[in-house]
**Student:** 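This is the structure I have questions about; it appears just below.
For reference, positions follow the sequence shown, starting with 1. Keep in mind it's a predicted model, so treat the numbers as computed, not measured.
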Amino acid sequence: MGQFMNYKEEADKLKDRLLQSRVELDDPVPRAVANTVAIERGKVEGCPVYRLLPERAHGNIFYLYSSDLVHPITPREWQFILMLCQMTRMAVTVPLYPLAPENDCEDVFRMLLPAYQQFCRRREQGDMVIFGCGNGAGLALSLQLLTWREGLPDPEKLVLLSPRLDTEYFDRDIMAGREAREEQRGGRTLRRKCRAGREKREIRKAFLDAYWVKNYAGRTEYTSPIYADYTDICKDILVVSGTADPLNPYARRFTERVLDIGTPAKFFEYQQMPKDFYFQPKRQETKHMMHVLHDILLNTDTAILHHYMEEVRARADWSKWFPEIFRDDNAIKYVSGHPRAAVSTAKGRNIFNLLNAATQRAVDDAVRLFLMEYPNGTVVYVGCSLDTMLDRVDNGRVKWYDLDTPGRLALRSLYAGPQEREKRIDRSINDLNWMTQLSPEMDKGLLFVVRDIFSYMSWTEMREFLDQLYKNFQGCNVIFDMATPRAKLMMNFVTKRSGAEYRRRRLAMKDPRRELELMNPVYNVISVHSVLENVKLQKDWKPVLKMNYISNRNRESRKLIHLRLGYERYKTFDGHFFDPEIKREHNEKGD
């Protein structure tokens, strides 16, 4: 009880500090914003409502700002709203809803519901979008859930950036799991920081209970919409979060719940990005997110796919230049239907495009060979990006997992939908917790395809990755490509010089068999061969390409490596696993 009273006292002190910090402004809209776009001003329930109107407005955004429920809107968020308005040419309505501790949840929705009703009456031609950031995203979700009950028009789209979706803190485990991982990773300083974060959250809970939730306790559709009923939720949802955002677990939980009911929510997660990173327009991640918003709000593919479909264009080019080596029908179909969606940066049939096409063909052939041996097996494509390999190698029985970051998989969903036996895991490759989401049948065969990933890792990172696979899936197979040290240097030089997005390759192998056995003796190298092994020289190739082909084939500059981690394990008739290596050891001892 004493501890609770302490939090209550701290909450009262927080209330006093907030009241003392209040500053009344004649006009909260920055002059730079007011001088750039036409603004209509009005009031609902005594609270200001601003409407930004671009020229020839088409579409409508109802924007709920990131307030933490206690702070007024900031100038940098006004700049973000202006950028959103100019980019989409949509009218943006910004209600300055009342704040705690002067007002509570009941006061907020007493103002928001009529403000939204007025927004619906005065809308321009085009889609309606409810848009929220931070705590504003929680209010936006609540408002969208209330539209059907209150007889208000449903929006066509719902956009939530860094959403805070639980102001009553019903489920402490959502944040506790993240903090436990951070405490395990760090030392004394990080543990002290996590404890301070927990205390701050308890003070915030006491404050919200006393000054914001009040009479609405337990009414989750208002206070904690992450636990509400999503039966009538909007069918076009975009969620954005950063992995360094303390609210990231809420974004993940909400997306999982929406996907479970069959609504195709789009979730973009940006690595190492903090809360409100999108208010910093110079960040590359912010620019990417604005491309995402442009395409989703305007129902186009000119920004995202024009900017991020280079690899699809590359596969279409390989199919055109080297049809005897590689063919990707999905890439060909996409590029033929969107001739300006991805600008080709390649310079025709050169040795680097030949090696890339041959590598992809070698990986496809290796997967087909595996499926001939294990037709009911499981394949996990690590770092799949926008590649639709399953369409090229499918035997009609394989269980398939595609793994990549949420942003990549969200883009992929715009390019190609999942198949019946395909499951997509939206996790960073370096976050090895994704392995817990796999449910393979080991006796039917398990293959991990790691295409062009290990070359960007260090030896330590690669060893940790393989060790984790061995620990969780002993007997699994791994296929990956690797360049020689000389080829790695040349690839880095050409990539940097071309002006394409430059990522330096760090890892290379001169003698993969020896180097992998030194890494761990239980890693059994099944095969190592050049990706050009089954590629024949063509008469129509230019002399320079022919010379480079012969040179790279003789030097085996790029190889495909097939590993087995440990020994295969087979099920016996009684349902137990039989490990041939354990049996061999017993035989040697005479047991």
Side-chain angles (χ1 to χ4, degrees), residues 301-368 381 383-394 402 404 408 411-417 419 449 451-452 455 481 483 487 490-491 493-503 530-553 557-560:
D301 59 9
T302 57
I304 301 176
L305 300 182
H306 175 77
H307 202 72
Y308 293 96
M309 295 295 280
E310 292 92 342
E311 62 177 278
V312 176
R313 165 68 76 173
R315 288 190 175 88
D317 287 342
W318 302 341
S319 303
K320 177 179 66 176
W321 296 327
F322 308 106
E324 67 284 350
I325 299 174
F326 176 77
R327 182 176 178 84
D328 188 330
D329 290 329
N330 281 341
I332 295 171
K333 180 180 178 181
Y334 177 80
V335 171
S336 63
H338 303 77
R340 293 185 296 176
V343 178
S344 178
T345 57
K347 296 183 179 180
R349 293 197 291 186
N350 57 36
I351 187 58
F352 294 102
N353 287 317
L354 173 60
L355 285 170
N356 287 330
T359 301
Q360 190 65 72
R361 183 257 183 88
V363 173
D364 288 359
D365 288 346
V367 175
R368 291 189 187 100
Y381 193 177
C384 63
S385 194
L386 305 183
D387 185 17
T388 54
M389 185 192 295
L390 176 58
D391 292 332
R392 300 193 298 270
V393 304
D394 191 11
D402 281 319
D404 214 317
R408 281 291 182 187
L411 285 176
R412 182 191 175 96
S413 67
L414 302 177
Y415 165 56
Q419 295 192 20
V449 179
R451 169 79 174 90
D452 200 31
S455 60
D481 60 297
M490 183 57 67
M491 291 161 69
F493 174 76
V494 171
T495 305
K496 188 173 183 179
R497 188 178 180 183
S498 69
E501 183 180 357
Y502 177 58
R503 291 175 59 207
S530 169
V531 298
L532 296 174
E533 185 174 89
N534 296 318
V535 175
K536 296 182 180 180
L537 190 148
Q538 303 296 311
K539 293 181 180 180
D540 62 338
W541 290 355
K542 292 182 179 180
V544 173
L545 180 57
K546 291 179 179 179
M547 291 174 58
N548 287 328
Y549 161 79
I550 295 171
S551 174
N552 280 271
R553 180 170 181 173
S557 62
R558 201 179 300 184
K559 302 180 179 70
L560 190 71

**Student:** Under 3.5 Å, sequence neighbours excluded: what are the donor-acceptor pairs made by side chains of residues 531-539?
**Tutor:**
unit_1: Q538; atom_1: NE2; unit_2: K536; atom_2: O; d: 3.0

**Student:** Pairing donors with acceptors under 3.5 angstrom, does anything connect the side chains of N356 and N353?
**Tutor:** no
**Student:** I'd like to know if R315 pairs up with D387 as an ion pair, taking the criterion as any Lys NZ or Arg NE/NH1/NH2 lying under 4.0 Å from an Asp or Glu carboxylate oxygen.
**Tutor:** yes
**Student:** Between R349 and L354, does the side chain to side chain contact (heavy atoms under 4.5 Å, CB included) criterion hold? Intermediate values first, please.
**Tutor:** CA-CA 7 Å; R349 293 197 291 186; L354 173 60; over 6 Å; no
**Student:** If you compare all heavy atoms of S319 against all heavy atoms of I332, which two are closest, and at what distance to 0.1 Å?
**Tutor:** CB-CD1, 3.6 Å
**Student:** Using the side-chain contact (heavy atoms from CB on, under 4.5 Å) rule, pick out the option among D365, V367, V449 that qualifies with V393.
**Tutor:** V367
**Student:** Just verifying a value: how many Å separate S530 OG and R553 CZ, rounded to the nearest 0.5 Å?
**Tutor:** 7.0 Å
**Student:** Mind checking what makes side-chain contact (heavy atoms from CB on, under 4.5 Å) contact with N548, not counting sequence neighbours?
**Tutor:** I351, V544, N552
**Student:** Evaluate whether atom NZ of K546 has more than 12 neighbouring non-hydrogen atoms of other residues, nucleotides or ligands under 6.0 angstrom away.
**Tutor:** yes
**Student:** So, for S557 and A487, which heavy atoms are closest and what is the spacing to 0.1 Å?
**Tutor:** O-CB, 3.6 Å
**Student:** Is there a side chain to side chain contact (heavy atoms under 4.5 Å, CB included) between V335 and D317 once you walk through the steps?
**Tutor:** CA-CA 9 Å; V335 171; D317 287 342; over 6 Å; no
**Student:** Please round to the nearest 0.5 Å and tell me the distance separating atom CE of M389 and atom CG of D394.
**Tutor:** 12.5 Å
**Student:** Quick one, D328 with Q360, criterion side chain to side chain contact (heavy atoms under 4.5 Å, CB included). Give me CA distance, side-chain angles, the key distance, then yes/no.
**Tutor:** CA-CA 10 Å; D328 188 330; Q360 190 65 72; over 6 Å; no
**Student:** Ignoring hydrogens and angles, tell me if any N or O in the side chain of S551 forms a donor-acceptor pair with the backbone of M547 under 3.5 Å.
**Tutor:** no
**Student:** For a quick test of reading the model, state the closest non-hydrogen atom pair linking F322 to N350 and the distance between them.
**Tutor:** CZ-O, 4.2 Å
**Student:** Evaluate side chain to side chain contact (heavy atoms under 4.5 Å, CB included) for L390 paired with D402, printing each intermediate quantity in order.
**Tutor:** CA-CA 9 Å; L390 176 58; D402 281 319; 5.6 Å; no
**Student:** So does R361 get a backbone contact from the side chain of R392, meaning a donor-acceptor N/O pair under 3.5 Å?
**Tutor:** no
**Student:** To the nearest 0.5 Å, what is the distance between CZ on R451 and OG1 on T359?
**Tutor:** 5.5 Å
**Student:** Checking side-chain polar atoms at under 3.5 Å, does N330 have a donor or acceptor matched by the opposite partner on T388?
**Tutor:** yes
